[in-house]
K.L.:
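Before I ask anything, let me first share the structure, which is written out below as structure tokens.
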Amino acid sequence: MGCCSGRCTLAFICGMQLVSVLERQVIDFLGYQWAPILTNFLHIIVVILGLFGTVQFRPRYVTGYAVWLVVWMTWNVFIICFYLEVGDLSRDSDLVLTFNLSMHRSWWMENGPGCRVTPILPPPSWAPEDHRYISISGCLMDFQFIEVAHSSLQILLALVGFIYACYVVKLISEEEDSFDFIGGFDSYGYQGPQKTSHLQLQPMYM
């Protein structure tokens, strides 16, 4: 019962992770954030493998899923520090999230709740020709705090998933050990005496 409950909870957590990361993947695609896109893709694959291992009693898959969650939490901590500009990090850097392939920022920068985007015409002389120059005002929440909230949610789900993954691996290992013990006991169990028939031949004299 405990194993079933733990596996069901972990499967539910994996489902929540898939839903939340797919939403985040769409947002990152719209914002051309290439580094998060690649990381999200890896996360989706590992979560699916973890879900498979949970359903099919594969402790190695669940263990790999748990190890990846540590990396995933570290990445999201970095994203939080990046948007809050901790230390020498700057959210205006093009190299970190877009690999310097574009000048795009977070999709929430222009599409956050209450944000009003106003094109500025004519654009400054230093502005690239293939980019528009805009003014953003009226946002109820700055885009960096929305990104921080998304990463915080991912850390929370990953932390709970890590705890339950370790719990499920422990339960599956205990069940396998108990099955091995029962199988070994049966193979060397007591066997009752078997009935044998002995036929003694007597010579016949004519």
K.L.:
Looking at every heavy atom in both Asn40 and Trp72, which two are closest together, and how far apart are they?
P.N.:
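Minimum heavy-atom separation between Asn40 and Trp72: OD1-CH2, 3.2 Å.
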
K.L.:
Return the CG to NE2 distance between Asp28 and His150, rounded to the nearest 0.5 Å.
P.N.:
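If we round to the nearest 0.5 Å, Asp28:CG and His150:NE2 are 9.0 Å apart.
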
K.L.:
Apply side-chain hydrogen bond (donor to acceptor under 3.5 Å, both in side chains) to Trp75 and list each qualifying residue two or more places apart in sequence or on a separate chain.
P.N.:
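Partners of Trp75 by the side-chain hydrogen bond (donor to acceptor under 3.5 Å, both in side chains) criterion come out as none, since no residue qualifies.
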
K.L.:
Just jot down the side chain to side chain contact (heavy atoms under 4.5 Å, CB included) partners of Val55, sequence neighbours excluded, or say none.
P.N.:
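Checked Val55 against side chain to side chain contact (heavy atoms under 4.5 Å, CB included); matches are Leu51.
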
K.L.:
Output the distance between atom CZ (Arg58) and atom OG1 (Thr63), rounded to the nearest 0.5 Å.
P.N.:
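That separation rounds to 13.0 Å.
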
K.L.:
So which atom in Met73 and which in Ala158 form the shortest heavy-atom distance, rounded to 0.1 Å?
P.N.:
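Heavy atoms of Met73 and Ala158 come nearest at CG-CB, 3.4 Å.
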
K.L.:
Please tabulate, for side-chain N and O atoms in residues 81-90, each donor-acceptor pair with protein atoms closer than 3.5 Å (sequence neighbours left out).
P.N.:
unit_1, atom_1, unit_2, atom_2, d
Glu85, OE2, Arg91, N, 3.4
Ser90, OG, Asp92, N, 3.3

K.L.:
Under 6.0 Å from the CZ atom of Phe143, do we count more than 12 heavy atoms belonging to anything else shown?
P.N.:
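It does: Phe143 CZ has more than 12 such atoms within range.
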
K.L.:
According to a 4.5 Å side-chain heavy-atom criterion applied to Ile, Leu, Val, Met, Phe, Trp and Tyr, with indirect links allowed, do Val71 and Val47 form part of one hydrophobic cluster?
P.N.:
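They do share one cluster, since a chain of ILVMFWY contacts under 4.5 Å joins Val71 to Val47.
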
K.L.:
Minimum heavy-atom separation for Ile136 to Glu110, with atom names?
P.N.:
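Taking Ile136 first and Glu110 second, the nearest heavy atoms are CD1-CG, 3.8 Å.
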
K.L.:
Could you state the interatomic distance from CG (Leu159) to CD (Gln154), rounded to the nearest 0.5 Å?
P.N.:
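Interatomic distance, Leu159 CG to Gln154 CD, rounded to 0.5 Å: 12.5 Å.
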
K.L.:
Any chance you could pull the hydrophobic cluster mates of Leu49, using side-chain heavy atoms under 4.5 angstrom and chaining through other members?
P.N.:
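For the cluster that includes Leu49, the remaining residues are Phe41, Ile45, Phe52, Tyr61.
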
K.L.:
About how many Å separate CG of Leu42 and CD1 of Ile37, when rounded to the nearest 0.5 Å?
P.N.:
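Ile37 atom CD1 to Leu42 atom CG measures 12.5 Å (nearest 0.5 Å).
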
K.L.:
Can you get from Leu157 to Val70 by hopping between Ile, Leu, Val, Met, Phe, Trp and Tyr side chains that sit under 4.5 Å apart?
P.N.:
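No: no chain of side-chain contacts under 4.5 Å links Leu157 to Val70.
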
K.L.:
Using a 3.5 Å cut-off and no angle test, enumerate the donor-acceptor pairs between side-chain atoms of residues 10-18 and protein atoms at least two apart in sequence or in another chain.
P.N.:
unit_1, atom_1, unit_2, atom_2, d
Gln17, OE1, Tyr65, OH, 2.6

K.L.:
Of the non-hydrogen atoms in Ser20 and Leu153, which two are nearest, and what is the gap between them?
P.N.:
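That would be CB-CD2, 4.5 Å.
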
K.L.:
Same cluster or not: Val67 versus Ile48, using hydrophobic residues (I, L, V, M, F, W, Y) connected whenever any side-chain heavy atoms lie under 4.5 Å apart?
P.N.:
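Val67 does not cluster with Ile48.
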
K.L.:
Keeping Arg116 on the side-chain end and Ser137 on the backbone end, is there a donor-acceptor pair under 3.5 Å?
P.N.:
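Answer holds: no.
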
K.L.:
Checking Ser152 now: which residues fulfil side-chain hydrogen bond (donor to acceptor under 3.5 Å, both in side chains) with it, not counting sequence neighbours?
P.N.:
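Partners of Ser152 by the side-chain hydrogen bond (donor to acceptor under 3.5 Å, both in side chains) criterion come out as none, since no residue qualifies.
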
K.L.:
List in chain and number order the residues that pass side chain to side chain contact (heavy atoms under 4.5 Å, CB included) with Leu22, two or more places apart in sequence or in another chain; answer none if no residue qualifies.
P.N.:
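For Leu22 the side chain to side chain contact (heavy atoms under 4.5 Å, CB included) partners, ignoring immediate neighbours, are Ile44.
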
K.L.:
When rounded to the nearest 0.5 angstrom, what distance separates CZ in Phe145 from SG in Cys139?
P.N.:
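Nearest 0.5 Å value for the CZ-SG distance: 12.0 Å.
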
K.L.:
Answer with yes or no whether the hydrophobic clustering places Val117 together with Trp108; edges join I, L, V, M, F, W, Y residues whose side-chain heavy atoms lie under 4.5 Å apart.
P.N.:
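Looking at the clustering, Trp108 is in the same group as Val117.
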
K.L.:
Any chain of hydrophobic side-chain contacts (each under 4.5 Å) joining Leu30 to Ile146?
P.N.:
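Linked within one cluster.
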
K.L.:
Taking side chain to side chain contact (heavy atoms under 4.5 Å, CB included) as the definition, give me every residue that meets it alongside Ser151, ordered by chain and number, with sequence neighbours left out.
P.N.:
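So Ser151 forms a side chain to side chain contact (heavy atoms under 4.5 Å, CB included) with Arg24, Asn76, Ile79, Ile80.
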
K.L.:
Kindly write out the residues that satisfy side-chain hydrogen bond (donor to acceptor under 3.5 Å, both in side chains) with Gln144, not counting sequence neighbours, or none if the list is empty.
P.N.:
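Scan of Gln144 (side-chain hydrogen bond (donor to acceptor under 3.5 Å, both in side chains), adjacent residues dropped) gives none.
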
K.L.:
Out of curiosity, Ile172 CD1 to Gln56 CD, how far, rounded to the nearest 0.5 Å?
P.N.:
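CD of Gln56 is found 10.5 Å from CD1 of Ile172.
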
K.L.:
Check side-chain hydrogen bond (donor to acceptor under 3.5 Å, both in side chains) between Glu147 and all other residues, then give those that pass, not counting sequence neighbours.
P.N.:
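With neighbours one apart ignored, the set is Ser106.
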
K.L.:
Can you name the closest pair of heavy atoms from Gly64 and Val46 and give their distance?
P.N.:
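In this case the closest contact between Gly64 and Val46 is O-CG1, 4.4 Å.
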
K.L.:
I'd like to check the salt bridge (Lys or Arg N to Asp or Glu O under 4.0 Å) partners of Glu23; sequence neighbours left out, ordered by chain and number.
P.N.:
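Scan of Glu23 (salt bridge (Lys or Arg N to Asp or Glu O under 4.0 Å), adjacent residues dropped) gives none.
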
K.L.:
Run the ring-ring contact (aromatic ring centres under 6.0 Å, His included) test against Trp107 and tell me which residues pass, sequence neighbours left out.
P.N.:
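ring-ring contact (aromatic ring centres under 6.0 Å, His included) list for Trp107, sorted by chain: empty.
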
K.L.:
Work out which heavy atom in Val62 is nearest to a heavy atom in Gly53; give both atom names and the distance.
P.N.:
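Closest pair (atom of Val62, atom of Gly53, distance): CG2-C, 3.7 Å.
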
